[in-house]
Visitor: 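Below are the C-alpha cells for one structure; questions will follow.
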2 protein chains.
Amino acid sequence: MVTIKDIAKKAEVSITTVSRALNNYYDVSEATKKKIIDIANEIGYVPNRSAQNLVKQKNNTLAIILSGLEKKGGKDNIIYRLLSGMYSYAESVNYEVVLYTTDSAHQRDKTYVQFCKEHNIGGAVLNGIKIDDPYFKELLQSDFPCVLIDILAQGKNVSSISINNYEAAIEATECLLKHNHKNIAMINGRREAQVSIERYKGYVEAMTKSNIELKSEYIVYADYMEDKAYEETIKLLSNHPEITALFCASDMMALGTIKAINKLNLRIPEDISIIGFDNIPLSEYMTPPLTTVDQDFYVMGEKAAKQLLKMIKKEAYEKNYILQHKLLERESVSML
Amino acid sequence: MVTIKDIAKKAEVSITTVSRALNNYYDVSEATKKKIIDIANEIGYVPNRSAQNLVKQKNNTLAIILSGLEKKGGKDNIIYRLLSGMYSYAESVNYEVVLYTTDSAHQRDKTYVQFCKEHNIGGAVLNGIKIDDPYFKELLQSDFPCVLIDILAQGKNVSSISINNYEAAIEATECLLKHNHKNIAMINGRREAQVSIERYKGYVEAMTKSNIELKSEYIVYADYMEDKAYEETIKLLSNHPEITALFCASDMMALGTIKAINKLNLRIPEDISIIGFDNIPLSEYMTPPLTTVDQDFYVMGEKAAKQLLKMIKKEAYEKNYILQHKLLERESVSML
DNA sequence: TTGTAAGCGTTATCAG
DNA sequence: CTGATAACGCTTACAA
C-alpha cells in the first residue's frame, strides 16, 4: 500500500507537507505542491478512507435503510428508482451511499442505530419500514438525521417525503366516479400503513362527496401483495357481483386483481374498471394499459438525499416535503 | 462517541482486555468478559469500523461496479436481482457491499482501482462494463479479485459467471425452427459485446444445422435498447415482409420489437413469432406472454459473491462458472 | 513555508 | 489471565 509516508520520503519533505499539498491547502509553495502531486500520481497513491474517516470525526456517507432486498421483489422497480435518485444526488455532493436492510439487521442482530454509528453515517433515508419496528423507533429517538419515505415525520431530527396520498386517492376515485361507477371497491394495502390510511381517507372523501353510501365489505386489505390481491379479489367479486370498479392501492396489487378478473372470465374494462397506484414500469404494458397514479420515485430519492444533506448541515428544511403526483389515464377504466 | 476506553474505565481494566473480551478471545476470564460485555451494552458501545479497518489491514467489503444507475433504467430488474443475490450471500458471510458506477467514476474522475483501494475492497463484481473501458482494463491488471458477469475471464485474478449463451441461443432458435419458421431474423445487442457474439453464434449454428441459408440483412443490432429495437424492427419488417419470426437478444428489445409489430398492424404470434432473452418480470405479463430464455440473476449475484470470496481467501475457484438457463415457452411463438 | 508531535479508535505484540 | 505500548494512515494544532 502506498501511503503519504512514501510520498514524503520520495519528495524529501514531511508527511505534514504532503497532507497539506494533497488537500490543497493555501500554505504550501506551488513548487513543492506540484512535486508532491506528481510523485503521488507516479507511485499511484490513493488516500485511505478508513484513516481519513477515523481522524476527521465524520464521514461523507448516507445510509438507505430498506425493508429488504427480496429474491422475488423488485418487480415494481421502486427501490431501484429510489436508490438511483439518491445516488445521483449524493454523488453530486461527494457523498457515498450505503445500504442496509431490515433483514440484515435482524439476521445480524444489529440495530439501525448500531449500523449508523459503526459506519459513522451522516443520516439515513428509510423506506418500507414498519412503524412498529423497534429498531426504527430507536433510530428516530437517536439524533441521526432521518428522512422517511411515505411516513409522516415526528421527532426532532426527522423529516419526511411523499406525495399527497389523500388527494391522489380522491382523484383516482373521482376518475371512477366520473365514468359513472358507483359500486367501487378498494383493494387497500396494510391497515396500519400511513399511506394506506391516507388513500382510504381519499376514497371515502370522494365517495361521500358524491353521496354514495360506503360499504365496509367493499374495502379489503391485501398487504400490497400480488397474490393476496388475487385471492381477495376473487372473494370480493364472487360475493359482490354488483361491483363494477376497483381502486387498487398499488399497481402490484392491481396485477393480482387483473389475474383474478381474468380468472373469473370478466373483461377489463368492459365488465370491471380498474385503477392502480404507483405507475410501475409494468403498468403501461398490461392489457389493457393500466390507469394509475404516477409517483416519481427517482425524484423522491433525489429529494430525500437533498433533504438529508440539509439536515446534516443544520440548514433549514421542510419537515414534510410533498411531491407532485399525476393521474395517468390509460385504458383500464371505461364509462359505465 | 462511546469507545473501548470508556468501557475500560468503567470496568477498571485496560483497553486491551476490553478489546479481547469484545472479540471473544480465549484468554480472558469469564467473569471479566461478562462484566465488560454488560457495560458495553449498558453504555451503548458500537465498534468504530474505520478504526477497525485501519488497524486490521483488510476490510470485509465487496464492491459491485455497474455501468450506471439510470433514471429510466432498471425496468428489466436485472441490477436489482444481481444486487439482491450478492447482498444475500455477502451478508451470510458477514461482508458488506458497496456500489460504484461508471458514471460516478467518470464524473469524479476516479478509477475503479482507486475506488477499491480507497475503500480497501476485497474484490469486485462487475456488470455491464464495456470491455474497452480503460478503467476496466486497469482493474483487471491490478490484482484485485474480480468476478465478471457475462464476460469471459482473462487475467490472473479474474473469474467470470454467465449462462451458456451459445447453447441458449441455439435452443431459442431451434424453438422457432421447430415451429416451422425459416425466415428468422435476429435483433441482437451490441456488436462488440461477448454475450451478443455468443448468441449470434448460437443462432448461426442452429440455422446452419437446419440447412437454412443465412442472410446478413436478417441480423440487426439495437444496443439492447427498447427504442432502437423498435426502429430497427420497423425497418427490418418493412424491407423483408417474408420474415415470420424474430429472435431478440433481450426482453427489453423484444418490448420495442412488439411495439413495432403492433405499429405495423401485424399480430403476435399469428403473423410474427417472437422469442426473447432474460425473462424480465414484464415478459410474462405481455400480450401474448413472451417466450424467452430465463436467466436467474439473483442466483448469478449470489454465485458471483461466493466466487469472489473464494478468490479473496485464495481458495480454488472456477475460472468461468456456467449457470443453468431455461427456455420458457409461453405464447409468443406459433406454428407456421 | 515547513516540520514536530499528538491523536482518532482499534488490534496486536510482548512482557509480566 | 492481564496490561503497556506500538502501530495502522491520516489530519491538525502548534512551533519554528
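Below, chains carry the letters A, B, ... as their sequence lines are ordered, and counting in each starts from 1. This is a predicted model, so every value here is computed, not measured.
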Visitor: May I ask you to say what A:Ser29 touches in the nucleic acid, namely base, sugar-phosphate or nothing, with a heavy-atom cut-off under 4.0 Å?
Guide: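 The answer is sugar-phosphate, as A:Ser29 gets under 4.0 Å only of primed atoms, P, OP1 or OP2.
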
Visitor: Kindly state each residue pair satisfying salt bridge (Lys or Arg N to Asp or Glu O under 4.0 Å) with at least one member in residues 73-86 of chain B, sequence neighbours excluded.
Guide: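 For residues 73-86 of chain B: B:Lys75-B:Glu226.
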
Visitor: On DNA chain D, does the nearest nucleotide to B:Val55 precede the nearest nucleotide to B:Thr17 from the 5' side, or the other way round? Give the residue.
Guide: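 It is B:Thr17, whose closest nucleotide lies nearer the 5' terminus.
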
Visitor: Going by atom type alone, with no hydrogens or angles, which donor-acceptor pairs under 3.5 Å involve a side-chain atom of residues 306-315 of chain A and a protein atom two or more places apart or on another chain?
Guide:
unit_1: A:Gln307; atom_1: NE2; unit_2: A:Ser159; atom_2: OG; d: 3.3
unit_1: A:Gln307; atom_1: NE2; unit_2: A:Glu318; atom_2: O; d: 2.4

Visitor: Regarding B:Ser50, tell me which of base, sugar-phosphate or nothing describes its non-hydrogen contacts under 4.0 Å with the strands shown.
Guide: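 No contact.
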
Visitor: Can you measure A:Ile4 atom CD1 to C:dT2 atom C1' for me and round it to whole angstrom units?
Guide: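 Result: 14 Å.
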
Visitor: Test for a donor-acceptor pair under 3.5 Å between the base of C:dT4 and the side chain of A:Thr16, counting only N and O atoms.
Guide: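 Between C:dT4 and A:Thr16, which were checked side chain against base, a qualifying N/O pair under 3.5 Å is present.
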
Visitor: Please check: side-chain N/O of B:Glu302 versus main-chain N/O of B:Ser88, any donor-acceptor pairing under 3.5 Å?
Guide: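 Not a single qualifying donor-acceptor pair exists.
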
Visitor: First and last nucleotide of DNA chain D in contact with chain B, 5' to 3', at under 4.0 Å to a heavy atom: what are they?
Guide: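 Counting from the 5' end, contacts occupy D:dC1 to D:dG9.
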
Visitor: Taking side chain as C-beta onward, heavy atoms only, is B:Val97 less than 4.5 Å from B:Glu91?
Guide: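 Heavy-atom side-chain distance check fails, nothing below 4.5 Å.
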
Visitor: Provide the closest heavy-atom pair for B:Leu54 versus A:Leu54 in the form atom of the first, atom of the second, distance.
Guide: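 Looking at all heavy atoms of both residues, the closest pair is CD2-CD2, 3.5 Å.
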
Visitor: Which residue, A:Arg20 or B:Lys56, contacts DNA chain C at a nucleotide closer to its 5' end, judged by nearest heavy atom?
Guide: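 Of the two residues, A:Arg20 wins.
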
Visitor: Given that A:Ile15 and A:Lys33 both sit by DNA chain C, which one's nearest nucleotide is further toward the 5' end?
Guide: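 Checking each residue's closest nucleotide, the 5'-ward one belongs to A:Lys33.
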
Visitor: Is B:Arg49 side chain donor-acceptor paired with the C:dG9 base, going by distance under 3.5 Å alone?
Guide: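 There is none.
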
Visitor: For the residue pair A:Tyr112 / A:Asp133, report whether a side-chain donor-acceptor contact shorter than 3.5 Å exists.
Guide: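 A pair is found: one side chain offers a donor N or O, the other an acceptor, under 3.5 Å apart.
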
Visitor: Are A:Leu66 and A:Ile64 side-chain neighbours, meaning at least one heavy-atom pair lies under 4.5 Å?
Guide: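 SC-SC contact between A:Leu66 and A:Ile64 confirmed.
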
Visitor: Between B:Lys319 and B:Val158 (side chain of the first, backbone of the second, donor and acceptor by atom type, cut-off under 3.5 Å), is there such a pair?
Guide: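 Yes: the side chain of B:Lys319 pairs with the backbone of B:Val158.
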
Visitor: B:Ser19 and B:Thr16: side-chain donor and acceptor closer than 3.5 Å?
Guide: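 No.
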
Visitor: Any residue in residues 37-48 of chain B with a heavy atom nearer than 4.0 angstrom to DNA chain C? Just list them by number, or reply none.
Guide: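 Within residues 37-48 of chain B, the residues near DNA chain C are B:Tyr45, B:Val46, B:Pro47, B:Asn48.
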
Visitor: Check whether B:Ser84 reaches the backbone of B:Tyr80 with its side chain - one donor and one acceptor, N or O, closer than 3.5 Å.
Guide: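 Flag set: sc B:Ser84 to bb B:Tyr80 pair under 3.5 Å.
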
Visitor: Taking CD from A:Gln52 and C1' from C:dT10, how many angstroms apart are they, rounded to a whole number?
Guide: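 My rounded result for the distance is 18 Å.
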
Visitor: Rounded to the nearest Å, what distance is computed from the CG atom of residue B:Leu54 to the C1' atom of nucleotide C:dA12?
Guide: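 The distance from CG of B:Leu54 to C1' of C:dA12 comes to 13 Å, rounded to the nearest Å.
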
Visitor: Taking CD from B:Gln57 and P from C:dT13, how many angstroms apart are they, rounded to a whole number?
Guide: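 So the two atoms are 13 Å apart, to the nearest Å.
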
Visitor: Reckon A:Ser19 touches a base, only the sugar-phosphate, or nothing at all at heavy-atom distances under 4.0 Å?
Guide: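 Contact class for A:Ser19: base.
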
Visitor: Which pairs pass salt bridge (Lys or Arg N to Asp or Glu O under 4.0 Å) with one or both residues in residues 43-54 of chain A, sequence neighbours excluded?
Guide: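 Pairs touching residues 43-54 of chain A that pass the test: A:Arg49-A:Glu96, A:Arg49-B:Glu118.
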
Visitor: Rounding to 10°, can you tell me the angle the first-five-pair axis of the helix from C:dT1-D:dA16 to C:dG16-D:dC1 makes with its last-five-pair axis?
Guide: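 The end axes of the helix from C:dT1-D:dA16 to C:dG16-D:dC1 are about 40° apart, to the nearest 10°.
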
Visitor: Determine, for B:Lys34 against B:Asp38, whether the closest basic-nitrogen to carboxylate-oxygen distance falls under 4.0 angstrom.
Guide: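 Answer for the salt bridge query: yes.
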
Visitor: Mind calculating the distance between CD (A:Glu118) and P (C:dT10) to the nearest angstrom?
Guide: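 It is 11 Å, rounded to the nearest whole Å.
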
Visitor: Separation of B:Asn53 atom CG from C:dT10 atom P, in whole Å?
Guide: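 In whole Å, C:dT10 P lies 12 Å from B:Asn53 CG.
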
